[in-house]
There are 2 protein chains.
Amino acid sequence: MPPEKESTVVPLSKRKIACKDCSLFQICLPVGITGEELERLEQIIQRRRPVKRGDHLYHGGDSFRSIYAVRSGSIKSYVPTESGNEQVTGFHLPGELLGLDAIVHKTHPCSAKALETASVCEIPYEEFELLSNELPVLHRQLIALMSKEIFEEEIHTILLGKKSAEERLAAYLYSISSRYYRRGFSATEFYLSMSRNDIGNYLGLAVETVSRMFTRFQDDGLLSVERKHIVIHDLIRLKTMAGAVPGKCGERFFCLKNS
Amino acid sequence: MPPEKESTVVPLSKRKIACKDCSLFQICLPVGITGEELERLEQIIQRRRPVKRGDHLYHGGDSFRSIYAVRSGSIKSYVPTESGNEQVTGFHLPGELLGLDAIVHKTHPCSAKALETASVCEIPYEEFELLSNELPVLHRQLIALMSKEIFEEEIHTILLGKKSAEERLAAYLYSISSRYYRRGFSATEFYLSMSRNDIGNYLGLAVETVSRMFTRFQDDGLLSVERKHIVIHDLIRLKTMAGAVPGKCGERFFCLKNS
DNA sequence: TGGGAGTAGTGACAAATATCAATTATATTT
DNA sequence: AAATATAATTGATATTTGTCACTACTCCCA
């Protein structure tokens with residue numbers, strides 16, 4: 001192990017990887033930010049030292065300072081409830097933002113915990129806001145990402161309000177699969193970083209129900225599951241089982257006819 | 001009936017009521033927008049002719065042009081599903097915005113329908129965005145409102161994921177009560193503009209269950225209900241029944257200790 | 001001013017999922 | 001590497017809520 005001093009001299013947080021060299025650049029900053037604009041943004045972004053499994057990025061009730069972008073690993077958002085339970089409100093994979101729900105009240109309504117070792121970019125919000133006033137493209141990007149989050153929460157509402165246990169798990173797995181695929185990973189084979197408990201909680205189901213559904217899916221030949229390791233054999237069928245989701249179907253939205 | 005020509009000369013949409021004279025000013029635009037800034041904002045806001053019960057502001061799949069603020073009446077947002085059903089994603093009361101979920105994809109993922117005659121301000125988004133680039137306070141306000149919506153969707157997620165039928169209806173009624181109260185109406189007596197069907201749909205319950213819960217609440221002396229007319233007798237108990245909600249408890253968030 | 005469509009309320013029953021209990025597998029700790 | 005805690009699975013049973021059937025009420029609107 002190198003002497004304490006050396007690691008202090010070159011702390012991890014200083015070993016910056018430029019946004020432009022980040023594999024998530026297209027996901028995190030899809031709008032055309034270039035050259036000088038990007039450099040100025042990078043000046044305010046802080047790369048935090050990797051967070052270890054179980055570490056918190058923030059707790060419910062903490063005052064709001066920054067939003068965060070996941071670079072690697074995965075983060076769970078949850079609201080602790082009075083009874084000592086929690087409600088999981090989301091999982092954040094690389095390229096995704098968290099903390100947007102804290103802007104209004106300048107306080108984090110939920111806690112964020114690493115499900116595995118993860119690295120995260122911290123974007124101090126005040127500085128980001130100041131910079132955005134000069135670079136409107138940043139505002140536009142933030143607003144688009146927030147709109148997306150609202151949209152996705154609506155999808156989750158449909159899931160919780162209308163879908164059966166089977167549809168919920170299918171929709172969940174399909175969502176995870178799509179998100180990994182978009183980031184260049186396999187859509188059909190991945191490790192779930194969250195426990196069955198977390199999945200059940202997020203989907204509004206008991207753990208046991210989640211387990212049973214995994215078993216059923218495996219018996220049906222839809223996928224193979226061994227603990228956290230998932231291999232999907234029939235992605236199309238999985239998507240079908242997940243049921244209707246609002247969004248583009250080909251180039252049109254579905255069911256305009258019914259509305 | 002006056003001749004066609006006359007009504008064309010002075011269309012309702014021209015009879016503008018200035019934002020500064022609107023009773024919802026403090027809710028809709030709580031940030032300090034004043035003088036010239038406000039005038040410029042008003043120039044782009046269009047007051048639409050009142051929409052009648054059943055009329056749509058937009059349909060799922062429509063391309064996105066504007067966000068809307070409710071001035072009076074109430075609007076229901078819902079996602080039509082393939083099976084011809086719908087999932088109600090929200091109710092919008094005076095002073096509340098809708099359409100924020102459409103910004104990302106420049107398409108409305110859901111439909112918006114008036115539950116009763118309503119009047120609505122239309123804010124053309126492109127113009128709003130251009131103006132926001134000059135008046136950062138507008139951007140800040142929009143971002144705050146979007147953050148609030150994300151936060152509220154999380155609360156709804158807890159409701160759908162964790163609460164019993166009884167807790168759901170109690171939470172719903174308490175929410176409606178609070179929102180009316182904030183707008184200067186009675187917190188304990190109001191008319192529900194939405195049907196039992198819509199309520200059940202929104203809460204993830206069957207209509208019959210909603211009916212039964214209303215009956216139970218009435219039998220318990222919690223409230224009186226006659227169709228859409230509600231009189232709450234014990235607001236505190238209603239709140240208690242609604243169960244935990246993330247948010248400020250006094251000046252602190254609850255359950256930091258557990259997290 | 002009916003008459004019909006939609007809306008609301010109630011009971012009986014069914015189904016889905018939660019809960020409880022027990023077992024096994026897997027991590028984590030010492 | 002054993003010991004202990006945690007997580008996952010499975011079966012049996014309980015409970016909640018949904019579904020179906022029927023009745024009553026209301027509000028349009030022709």
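The structure displayed is predicted, hence computed values, not measured ones. Lettering of chains follows the sequences in order, A, B, ..., and the numbering in each one begins at 1.
Ion pair B:Arg71/B:Glu96 not flagged as a salt bridge, since none of the NZ, NE, NH1 or NH2 atoms sits closer than 4.0 Å to an Asp/Glu carboxylate oxygen. Ion pair A:Lys113/A:Asp55 not flagged as a salt bridge, since none of the NZ, NE, NH1 or NH2 atoms sits closer than 4.0 Å to an Asp/Glu carboxylate oxygen. Salt bridge annotation for A:Lys76-A:Glu86: present, with a cationic side-chain nitrogen under 4.0 angstrom from a carboxylate oxygen.
Rounded to a whole Å, the CG atom of A:Leu203 is 15 Å from the C1' atom of C:dA18. Atom pair A:Lys162:NZ and D:dG18:C1' shows a separation of 12 Å (rounding to whole Å applied). Per the geometry, CG belonging to B:Asn197 stands 13 Å off C1' belonging to C:dG9, to the nearest Å. Regarding B:Met213, its CE atom lies at a distance of 16 Å from the C1' atom of C:dA8, rounded to whole Å. Put simply, NZ on B:Lys163 is 18 Å from C1' on C:dA18, counting in whole angstrom units. Rounded to a whole Å, the CD atom of B:Glu208 is 14 Å from the P atom of D:dC22. Remark: P of D:dT16 and CZ of B:Arg212 are 13 Å apart, rounded to the nearest angstrom. The interatomic distance linking B:Tyr191 (OH) with C:dT7 (C1') rounds to 17 Å, in whole Å.
Within the structure, every side-chain polar atom (N or O) of B:Thr215 is placed at least 4.0 Å from both OP1 and OP2 of C:dG9. Between B:Ser195 and C:dG6 there is no side-chain N or O to OP1 or OP2 distance below 4.0 Å. Between B:Arg196 and the phosphate of C:dG9, there is a side-chain N or O to OP1/OP2 separation shorter than 4.0 Å.
Between B:Phe214 and A:Val207, the residue anchored nearer the 5' end of DNA chain C, judged by the nucleotide with its closest heavy atom, is B:Phe214.
Side-chain contact check for A:Ile230 versus A:Tyr191: every heavy-atom pair is 4.5 Å or farther apart.
Residues A:Asn201 and A:Val88 share a closest heavy-atom pair of OD1-N, 2.8 Å.
A donor-acceptor pair under 3.5 Å is formed between the side chain of A:Ser111 and the backbone N or O of A:Gly60.
In this structure, the nucleotide among D:dT17, C:dA18, D:dT19 sitting nearest to the side chain of B:Leu205 is D:dT17.
In this structure, A:Gly204 reaches the sugar-phosphate backbone alone: every heavy-atom distance under 4.0 Å involves primed, P, OP1 or OP2 atoms, never a base.
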**Reading 5' to 3' through nucleotides 23-30 of chain C, protein heavy-atom contacts under 4.0 Å coded B for base, S for sugar-phosphate only, - for none** = ---S-S--
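Pairs passing the side-chain hydrogen bond (donor to acceptor under 3.5 Å, both in side chains) check and including a residue from residues 207-224 of chain A, sequence neighbours excluded, read A:Glu166-A:Arg216, A:Ser224-A:His233.
A donor and an acceptor atom never sit less than 3.5 Å apart when one is taken from the side chain of A:Arg216 and the other from the base of D:dT10.
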